[in-house]
> 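First the structure, then my questions, so here it is.
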Amino acid sequence: MVLGIDIGSCYTKGVLFDGSIKNKIVIKTFFKPRQAIEEITSQLTGFDRIAATGYGRELVTDADVIITEITAFARGATYVNSSINSIIDLGGQDSKIIKIRDGKVDRFIMNDRCAAGTGNFVEKIAQALGLRLEEFGNFALNSNKPEMIDSLCVVMAETEILSLVSEGKRLEDIVAGVCDALVRRITGLGAQIGIEEPILFCGGGALNPGLVKSMKRIFGDLIIPDIPQFIGALGAALSI
Amino acid sequence: MFEDLKPKKINLTEWSHQFRKISDQIIKKYKYYGNQDWGIYLSPLATFMVYGARQLKRLKFDNSFAALRLWGFVFNESERLFRAKQVGKKVIATMGDLGTIPVIVMSFPDCIPFYPECIWWTPFFNESFILLDMATKLGAPEPACFSRAALAAFYKKAYFPKPDLIFASTGASCDDYSCIMQLIEGLGYNPIWIEIPFRRKSRSYFVADDYEHTKWGIDYPKRFETYLMSEYEKVWQNMVEFTDINNRNYLAKSIKNANRLRKLVENIKKLSYEAELAPFPGLELMVIEFGNLYGYADFDEWTDIIEMVYETISERVQKGEGVLNPDALPIAWVTPSPDPYLLNLVEDLGCRIVATEYVINQALVEIEEDIEPFQALARSFLNASLIGSTEQRVRRIIEGVEHGRILGVLITNMLGCSHCAMETRLIQQMLSKVPVLSIDVPAPFGITEQLKSRIAAFVETIRCARR
Amino acid sequence: MRETLTPRERFGLLVIDEKPDRCNIIPLVTSHAAEIARMKLKKYYTNGEAMARAQIAAIEEYGHDAISIFSEVGIIAEAMGSDFDYPDDDLPVIKRPALTKKNIEDIKIPVPKRDKRLPVYLEAIGYAYQSLGDKVPILAYVPAPFTTGMMLSDPKTFLIQTIRDPDHIKKIMEKSLQAAIEFCYDIIDAGALPIIVDPLASSSVVSPKAYKNFALPYERALIDFLHRYDLDIILHICGNTEPILDLLLETGADLVSLDQVDLSLAIEKLSKRMRIIGNFDTSKIAFSSPEEIMEEVKNMVKRGIKSKKGYIASTGCEVPIKTPPENVRTFINAAKEVGWYWE
């Protein structure tokens, strides 16, 4: 049995795999990746090999295989659905878009130096609006007329949102506007490599119904796996 | 020297150790401008670190004697330019055209051309924001490319002396740098402006034109050649006025000198890129390529160094020795990186650079010697990828991909560099057969784990695609 | 007038014979930095990071042009076997010189990364370099062989032996030279420019003849070694050096830091080949009023900047530990007022 472990900046994910997923767990990383790794290896037992991916992958000292997120996501996603041509992963600290050809990575791109296209953007804005993350996603669902938010920068977007709030705009529409802004950013990123359907949408962002709605509005149909957060960990496990 | 050592990349401390074996006579043997006192340049890399080049602590270098000479010479350039003026030579700044105007300048005795924009490496070698912050204060903020460091250097007068004459090429050269040159003018300098014409592949733009093509197969409208010749004539006249010397025979000799170096470098590239094992590191090879622009302010000594490098590389190739792992993946590099560490990093992560498009191919091609000199210079310059279409720019890389010599392409973008922003997507499309990674070069000391991760993923993608 | 350059750029121009915006101002702020950082002296000289932090605090306080990594001149002798006491509030004090315990043949060349407090300097250099190295040059003070030799011996015996047993002294010198070379080697690799200090070779301590026979050849040998690195080397000899001014030219030093000499005389004799550093009286910086300091420093700097090959405004020796910061600030302000080269 293989333990696939994906040490992200916000969450660390573990998957026990032996022909199929036997068990899985997600815990917060919070700048303590070593602690998170320990917790996962103590809670998920019975494995004889480890495959690591994600930011903290080099910290898994007893890993049998270490691969980057790009390769891991491609493996995991094509395992879940072999027909896909593109993967959009919306993670905490970064987002990545991977183009697949013949089951292999063809092109990929990640956001540079800016949080605008990441889960972090959503979290910061939710915080500023005093919403919990779950509320945020559901709020967006109740909008038919998202507000236009231009800024791709978290700080600037906050200012913009503040002015929308003071103008008395509906919170639902503002929140949906935030989701749209983020998706626009991802579209821009993807344009560099060219996104092709079918697209698999994964990462923590795929758990947010507001974001999913915005994504669908722009990209049309999306494949969202049952376990969007675990694609990287699964892909790592599959690489052994 | 060091012939018995196996070729490899070593760090600064290892270089200091190796340097102890070098005798005083050998140190004194190599000097620039023939000066025995301050012209000595053979020092271990630690010397330049002591004077502020902080990145040298992290970099790795080739362990050959030739590489020691190369680095010593390159890091002495700033002092060399000041010394040149101290002994009465004339220091001429040639900006923007990258490779042709220095050939004219060098045909005047004791005139030393140099490229102020090459100081864009300094913030990275020094891991310092001193120059970039000053450039911001002077009106060239972050959105402009790292060559804005030149603006600060002109202001500070501590990196090169006040040039006796400045030629500034604008037009189809780098947009950012055209602005920066204007800001330099605003500091009270008086550049002589040279205009570079644009060139497009399609004949439909200039239906009425006569078309010619260069020896290297690039089409251009005939009138661009005539136009460039008149610009070079302008440079010549300004130099004549400044020096009171007017001898066109010197120009032919200067072209011969330039060609000698260009041939050497072409051979070095061919040898290095085609050898079974990489005989020389990518960082040093980049420094060698850029040396073609102006020989780091002592063209003769630089050519001599490059001859030694060539011998070293030939010997290694003959012996079948290399500095990288035998399974390193051959990639092409598009657009030069101002951060030298990136070249180290990419090799450390498993790549080998076997083709480059550093936007200076006009300085790499031979200048014809059997035609009128200005015409020859114009025709060599018209090969410039800087002024061509994107397709022409990456033509050779596409060929390399087709032949299976190149398994991946890395593009380093500069924030604010218009070429970069607009061309990356096109290049990605043209090179659809291999993995392409484009990265934005972060500010000094800004290489993050995330960036390393991306390069590592690029390497994995190539490996996977090959299987 | 406006400062255009960083200390690093200013120093860089000086050593290639170019005039910077203004003269470099480098009072020898060494252990006095501990006072500025409100740090126990013992911590300063036994902990590299602490030494660096104190030096950085001093730079932030005064804005002078170089970091000085130094506590006292016994550092190499200690690593070669001389015993020192470490008082909490004072610099190390020699307890027992190595050569009173064993023969010169039995003394080993120290390993700088390992032995006694040599690693303290190396750590201090590393920390300072990482923190400020792009803006400020870092100078590490290395005791010259003569000074180290005397710290290895009982001073009285040492001086007698210079007359009675010169061969023995030469053996001590050779070993001290090797030790200094090894130390310099690591200092350079850590990012600092070695400055050679030979206070015990001054005419206040030994005769010019003894200087010529036993100190100068080894200063020169050490400087020759450093010249292999193409570095510009500072030689600092505090105390009276007037009787040996002409001899200093033979050391090969590129910059010479002087204490009790007439500055104009030093400029006259040395400035064609050497850059002059100096030479404000350290008792004055400790005890004079700011007004007096202002006046006298200005006079000194006005003379100094006439020096042909360049000049660094400095104190003749270390700024005494308890010097009122106001006085150091005054020194720097005075030099900044009159030390301009550029219009």
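Quick note: numbers below take in every heavy atom, side chains included, and nothing from hydrogens, waters or symmetry partners. Proteins come first, then strands; the chains are lettered A, B, ... in the order of their sequence lines, and each starts at number 1. The shown structure was predicted, so the numbers you read here are calculated from the model rather than taken from an experiment.
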> Heavy atoms only, distances under 4.5 angstrom: which of B:K157, B:M134, B:R20 has the most pairs with chain C? Name it, please.
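Maximum pair count with chain C is reached by B:R20.
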> Do B:E301 and B:Y41 meet the criterion of a side-chain donor-acceptor pair at a distance under 3.5 Å?
yes
> For B:W15, does the six-membered ring have the charged nitrogen or CZ of B:K60 within the cation-pi criterion, i.e. under 6.0 angstrom from the centroid and within 45° of the normal?
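Relative to the ring axis of B:W15, which defines the angle, B:K60 lies outside at least one limit.
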> Checking side-chain polar atoms at under 3.5 Å, does B:D24 have a donor or acceptor matched by the opposite partner on C:H227?
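There is no such pair between these side chains.
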> Which bit of C:I181 comes within less than 4.5 Å of chain B, counting heavy atoms only: side chain, backbone, both or neither?
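When you check distances to chain B, only side chain atoms of C:I181 fall under 4.5 Å.
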> Considering only heavy atoms, which portion of B:R83 lies under 4.5 Å from any heavy atom of chain C: side chain, backbone, both, or neither?
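The answer is the side chain of B:R83.
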> Which one, B:E127, B:E79, B:K85, B:Q86, leads in non-hydrogen pairs under 4.5 Å with chain C?
B:Q86
> Looking only at side chains, do C:S176 and C:Y218 share a donor and an acceptor under 3.5 Å apart?
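Not at all, the side chains of C:S176 and C:Y218 share no donor-acceptor pair under 3.5 Å.
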> Considering only heavy atoms and a distance below 4.5 Å, find which of C:I187, C:I138, C:L193, C:D17 pairs most often with chain B.
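Most pairs with chain B among the choices: C:D17.
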> C:D232 versus chain B, heavy atoms under 4.5 Å apart: side chain, backbone, both or neither?
both
> Please determine, among C:I125, C:D230, C:D189, the option with the most heavy-atom pairs under 4.5 Å with chain B.
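Greatest number of close heavy-atom pairs with chain B: C:D189.
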> What part of C:R8 gets closer than 4.5 Å to chain B, counting heavy atoms only: side chain, backbone, both or neither?
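Interface part for C:R8: side chain.
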> Go through the atoms of B:L56 and report whether side chain, backbone, both or neither lie under 4.5 Å from a heavy atom of chain C.
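No part of it gets close to chain C.
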> Need one label for B:T122: side chain, backbone, both or neither, based on atoms under 4.5 Å from any heavy atom in chain C.
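No part of it gets close to chain C.
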> Could you check whether B:S64 and B:D62, counting side-chain N and O atoms only, form a donor-acceptor pair closer than 3.5 Å?
yes
> In terms of heavy-atom pairs under 4.5 Å with chain C, which of B:I22, B:L42, B:N126, B:I40 leads?
B:I22
> Name the member of C:F11, C:Y229, C:Y185 that forms the most heavy-atom pairs with chain B at distances under 4.5 Å.
C:Y185
> Under the side-chain contact (heavy atoms from CB on, under 4.5 Å) rule, what do C:L132 and C:I56 come out as? Steps first, then yes or no, please.
CA-CA 8 Å; C:L132 279 185; C:I56 293 164; 4.0 Å; yes
> Of the backbone (N, CA, C, O) and the side chain (C-beta and beyond), which part of C:Y129 lies under 4.5 Å from a heavy atom of chain B, both, or neither?
both
> Is chain B contacted by the side chain of C:L13, its backbone, both, or neither, given a heavy-atom distance below 4.5 Å?
side chain
> Check whether B:Y159 gets within reach of chain C through its side chain, its backbone, both or neither, counting any heavy atom under 4.5 Å.
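Side chain only.
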> Any idea which of C:T6, C:I188, C:D186 has the most non-hydrogen atom pairs under 4.5 angstrom with chain B?
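So the answer, after comparing C:T6, C:I188, C:D186, is C:I188.
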> Taking the basic N atoms (NZ, or NE/NH1/NH2) and the acidic carboxylate oxygens, is any pair closer than 4.0 Å for C:R10 and C:D65?
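Result for this pair is yes, salt bridge flagged.
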> Quick check on B:K57 against chain C: is it the side chain, the backbone, both or neither that has a heavy atom closer than 4.5 Å?
side chain
> Using heavy-atom distances under 4.5 Å, tell me whether B:F445 contacts chain C through its side chain, its backbone, both, or neither.
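For B:F445, side-chain heavy atoms alone lie under 4.5 Å from chain C.
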> Going by the angle between their ring planes, with limits at 30° and 60°, are B:Y32 and B:W38 parallel, tilted or perpendicular?
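B:Y32 and B:W38: tilted rings.
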> Whether the B:Q55 and B:D339 side chains hold a donor-acceptor pair (N or O, under 3.5 Å, no angle test) is what I'd like checked.
yes
> Distance only, no hydrogens: is a donor on one side chain within 3.5 Å (strictly under) of an acceptor on the other, for C:T251 and C:E219?
no
> Check for a donor-acceptor pair, side chain of C:S314 on one end and backbone N or O of C:I26 on the other, with a separation under 3.5 Å.
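Yes, C:S314 side chain to C:I26 backbone: donor-acceptor pair under 3.5 Å.
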